[in-house]
Engineer: 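Sharing a structure with you now.
Just follow the structure's listing: the first ligand is 1, and inside any ligand the first atom is 1. Being a predicted model, the structure only gives us computed values, none of them experimental.
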Amino acid sequence: AKDMGRNTFQFYQPEMNTSVGARLNLERRLRRALRDNEFLLHYQPQVDIATGKIVGMEALVRWLDPEVGLVPPSAFIPVAEESGLIGPLSEWVLREACRQNKAWQDAGLPPARVSVNLSARQFQQRDIAKLVMSILEETGLAPQYLELELTESMIMRNAEEAVVMLNELHALGISIAIDDFGTGYSSLGYLKRFPVDRLKIDRSFVSDIGASDDDETITSAIIALAHSLELQVIAEGVETSSQLDFLRERSCHEMQGFFFAKPMPHDAIPGLLQQGMAA
Ligand code: C2E
Ligand code: CA
Ligand code: CA
Ligand code: CA
């Protein structure tokens, strides 16, 4: 498996569903990976196309398995979730993202927020706000530079609990984004009840701008909804200039996607923060 390189995740995925033995094996290797520090973060810029400035970056975890190379999160997050390893892994991601962002700011780079994906499991932990607070204190990152991304299904699974936890998180001064917006839940009432700052339009709609009238309608409706509720809105998965134009015409000014940049190693970020990315 050594020289299969970065495609090796195709080798992991069947394994996750097939045998218990294989799953336990992956679990054992994930445990070792945590101990040996084999995880790393890539960052994908979020651009304000009105100014060209990078206003944020999403932290995306990867596993650098010494035997097989870079493994994408789809190949190990599900097993990490099932095995309880997601707790320590998510804590590492949160701490590393905050630490790195503070280091960039300390180096004099233009400040931007960092977005961290929360797992469903992590969001079931009652003391998540306490953890976030202690990591902010420990790293010295100002709360307005941290955003957490949650999905609608995570919130709606237990809405009573979620409203309490989101209020606690929001009270820290961090922001909350709804990831994959439009794919999850049909009732929009929760947007009023929950302290949500930003809607992240799911890639499945954005990618079919120019190809599907329905997806264009949904995209336009989400942007309009965000504006009328005075929420921020960002489009993910922007790959073409015509998608960009469509979004810009409807006043969706923040965008993320391969058109601007793929997720990249931390050392590529300072240059981008410095220069911006005019579209
Ligand atoms: P997500 O949160 O929806 O992250 C966006 C995914 O879309 C990333 O995949 C990113 O590389 C990809 N992407 C970004 N722009 C484009 C584009 O223009 N075109 C296309 N085709 N794809 C684009 P990635 O890094 O493989 O992450 C996959 C998923 O794994 C994430 O989906 C997220 O749900 C999860 N994930 C990643 N990092 C973490 C983490 O630290 N913790 C948790 N709990 N989940 C994570
Ligand atoms: Ca995300
Ligand atoms: Ca997403
Ligand atoms: Ca679609």
Engineer: Charged N to carboxylate O below 4.0 Å: is that the case for K200 and E58?
Structural biologist: yes

Engineer: Between the Ca ion (ligand 2) and N117, is there an N, O or S atom separated by less than 3.0 Å?
Structural biologist: yes

Engineer: Report the residue from E254, E149, E230, E236 that forms a salt bridge (Lys or Arg N to Asp or Glu O under 4.0 Å) with R198.
Structural biologist: E254

Engineer: Enumerate, one pair per line, all nitrogen or oxygen atoms of ligand 1 lying under 3.5 Å from a protein nitrogen or oxygen, stating the separation to 0.1 Å; write 'none' if no such pair exists.
Structural biologist:
from     : atom 1 : to   : atom 2 : distance (Å)
ligand 1 : 2 (O)  : E58  : OE2    : 3.2
ligand 1 : 2 (O)  : N117 : OD1    : 3.1
ligand 1 : 2 (O)  : D179 : OD2    : 3.1
ligand 1 : 15 (N) : Q44  : NE2    : 3.0
ligand 1 : 18 (O) : F258 : N      : 2.8
ligand 1 : 19 (N) : E239 : OE2    : 2.5
ligand 1 : 21 (N) : R203 : NH1    : 3.2
ligand 1 : 21 (N) : E239 : OE2    : 3.1
ligand 1 : 22 (N) : R203 : NE     : 3.4
ligand 1 : 25 (O) : R62  : NH1    : 2.9
ligand 1 : 25 (O) : R62  : NH2    : 2.8
ligand 1 : 38 (N) : V61  : N      : 3.2

Engineer: Quick test of your reading of the model: are E168 and R126 salt-bridged, counting only N-O distances below 4.0 Å?
Structural biologist: yes

Engineer: On the 0 to 90° scale, with breaks at 30° and 60°, tag the F76-W63 ring pair as parallel, tilted or perpendicular.
Structural biologist: perpendicular

Engineer: Out of T217, I223, I222, which one pairs with T219 under the side chain to side chain contact (heavy atoms under 4.5 Å, CB included) rule?
Structural biologist: I223

Engineer: Taking atom OG1 of T139 and atom CG of L146, what is their separation to the nearest 0.5 Å?
Structural biologist: 8.5 Å

Engineer: Hey, quick one: are I234 and L244 part of the same hydrophobic cluster, counting side-chain heavy atoms closer than 4.5 Å, chains of contacts allowed?
Structural biologist: no

Engineer: Of all N/O/S atoms in E149, which lies nearest to the Ca ion (ligand 2)?
Structural biologist: OE1

Engineer: Count the heavy atoms belonging to other residues, nucleotides or ligands that lie under 6.0 Å from CG of D36, then report whether that count exceeds 12.
Structural biologist: yes

Engineer: Please answer whether the main-chain N or O of E81 pairs with a side-chain N or O of R121 as donor and acceptor at a distance below 3.5 Å.
Structural biologist: yes

Engineer: Within this structure, what is the CD1-CD distance for the pair I54 and Q274, rounded to the nearest 0.5 Å?
Structural biologist: 10.5 Å

Engineer: So which of the N, O or S atoms of E58 lies nearest the Ca ion (ligand 2)?
Structural biologist: OE2

Engineer: Considering the Ca ion (ligand 4), could you give the total of protein N/O/S atoms lying closer than 3.0 Å?
Structural biologist: 3

Engineer: Output the atom name for the N/O/S atom of D179 with the smallest distance to the Ca ion (ligand 2).
Structural biologist: OD2

Engineer: So W104 and Y43, would you call those rings parallel, tilted or perpendicular, with 30° and 60° as cut-offs?
Structural biologist: perpendicular

